[in-house]
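These notes concern the structure reproduced below.
The analysis underlying the following values was restricted to heavy atoms, covering all of them including side chains, and did not include hydrogens, waters or symmetry mates. Quick caveat, the model's predicted, so the values are computed rather than measured. Chain identifiers are assigned alphabetically (A, B, ...) following the order of the sequence lines, protein sequences preceding nucleic acid strands; residue numbering begins at 1 within each chain.
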Amino acid sequence: DVKVTQSSRYLVKRTGEKVFLECVQDMDHENMFWYRQDPGLGLRLIYFSYDVKMKEKGDIPEGYSVSREKKERFSLILESASTNQTSMYLCASRIRDEQFFGPGTRLTVL
Amino acid sequence: GQQLNQSPQSMFIQEGEDVSMNCTSSSIFNTWLWYKQDPGEGPVLLIALYKAGELTSNGRLTAQFGITRKDSFLNISASIPSDVGIYFCAGQFTNAGKSTFGDGTTLTVKP
């Protein structure tokens, strides 16, 4: 059974903190994605990765970076968290046309 | 990036009613996808469409790939309470690239 896991379901951080969101997939997929989901704005792509150590900016990469050291793991990093990064973050991996999503991490930045 | 306009933004319907939602784009796509997100979960793929004019069903769900390749429609017949959730359309150019998602349609079904 396909599985994408995210390290936390809920996270509360303070402004200025460095935040790591971890995503692991067990399907040996090459493509992985990070989105943020805000009410009325749908899913917006932050970064994606085609392979280990490869990354591409999505539509809203500002304030974020990513790391893909191993095929199964794709990390999203908020270098200095700000209140406007309070959101739901969704990770996905992909095979052919289908993306498999994790359950999401709801991040609150105070 | 490309913009997808999904409508309606939300729907409140009675159990048993049929539902229609659509997605339009300023750009053409060669694949259209429909996902559903249950409360507290990530989206799950419902239907994939690969050819202009294609009509595909999955149980009570039917989706169509528009002839112009710039739109797609999803219909749900005889809605039930477990249809509640957010429905997203997504378009993409190739099976190796990224998808562009619509803003979502939030469906509420009253028993």
Side-chain angles (χ1 to χ4, degrees), chain A residues 1-10 21 23-25 27 29-51 54-62 66 74 76 87-106, chain B residues 1-11 21-25 27 29-51 54 56 58 63 65 72 85-108:
Chain A
D1 203 16
V2 163
K3 197 149 189 188
V4 178
T5 56
Q6 295 184 230
S7 48
S8 307
R9 291 300 293 261
Y10 299 93
L21 302 182
C23 175
V24 177
Q25 50 102 358
M27 298 160 284
H29 292 166
E30 290 179 348
N31 299 329
M32 295 188 74
F33 305 81
W34 274 106
Y35 297 89
R36 65 177 281 176
Q37 181 178 14
D38 300 289
L41 297 178
L43 303 178
R44 293 183 291 167
L45 182 63
I46 304 171
Y47 266 97
F48 60 108
S49 170
Y50 288 122
D51 205 344
M54 301 199 55
K55 60 186 179 185
E56 296 273 347
K57 290 181 180 178
D59 299 317
I60 52 164
E62 297 77 22
V66 290
F74 191 33
L76 181 69
S87 187
M88 170 69 83
Y89 290 87
L90 289 164
C91 172
S93 70
R94 191 175 101 171
I95 184 76
R96 292 186 288 277
D97 298 305
E98 182 172 0
Q99 291 191 37
F100 296 88
F101 286 84
T105 295
R106 185 164 292 283
Chain B
Q2 294 94 15
Q3 296 286 328
L4 287 189
N5 296 310
Q6 190 172 346
S7 66
Q9 191 171 34
S10 59
M11 302 182 77
M21 58 190 80
N22 68 76
C23 208
T24 58
S25 170
S27 306
F29 291 107
N30 57 22
T31 301
W32 280 96
L33 306 149
W34 286 92
Y35 287 82
K36 182 197 176 196
Q37 184 180 29
D38 287 328
E41 301 295 331
V44 173
L45 182 67
L46 297 173
I47 291 180
L49 302 154
Y50 298 102
K51 204 163 127 180
E54 179 183 354
T56 296
N58 178 4
F65 192 139
S72 181
I86 305 175
Y87 291 80
F88 292 101
C89 61
Q92 61 190 41
F93 288 105
T94 69
N95 63 8
K98 58 182 181 174
S99 299
T100 299
F101 282 83
D103 293 345
T105 294
T106 300
L107 179 63
T108 303

In short, B:Gln9 meets A:Gly40 closest at the heavy-atom pair NE2-CA, 3.9 Å
Should the heavy atoms of other residues, nucleotides or ligands under 6.0 Å from CE of A:Met54 be counted, would the total exceed 12? no
Test side-chain contact (heavy atoms from CB on, under 4.5 Å) applied to A:Leu43 and B:Tyr35, step by step: CA-CA 11 Å; A:Leu43 303 178; B:Tyr35 287 82; over 6 Å; no
Measure distances from A:Leu41 to the heavy atoms of chain B and classify the residue's part below 4.5 Å as side chain, backbone, both or neither. backbone
Sort B:Gln37 into side chain, backbone, both or neither according to what part of it lies under 4.5 angstrom from a heavy atom of chain A. side chain
So, taking the atom named OH in A:Tyr50 and the one named NZ in B:Lys98, what distance separates them when rounded to the nearest 0.5 Å? 8.0 Å
Quick one: does A:Gln37's side chain get under 4.5 Å of B:Ile86's, heavy atoms only? yes
Region of A:Tyr35 in contact with chain B, defined by heavy-atom distances below 4.5 Å: side chain
Under 4.5 Å from any heavy atom of chain A - which part of B:Ser99: both
In this structure, CG of A:Asp59 is separated from OG1 of B:Thr100 (nearest 0.5 Å) by 6.5 Å
Please flag which part of A:Arg44 lies under 4.5 Å from any non-hydrogen atom of chain B: side chain, backbone, both or neither. neither
Where do A:Leu90 and B:Gly42 come nearest, in terms of heavy atoms and distance? CD2-CA, 4.1 Å
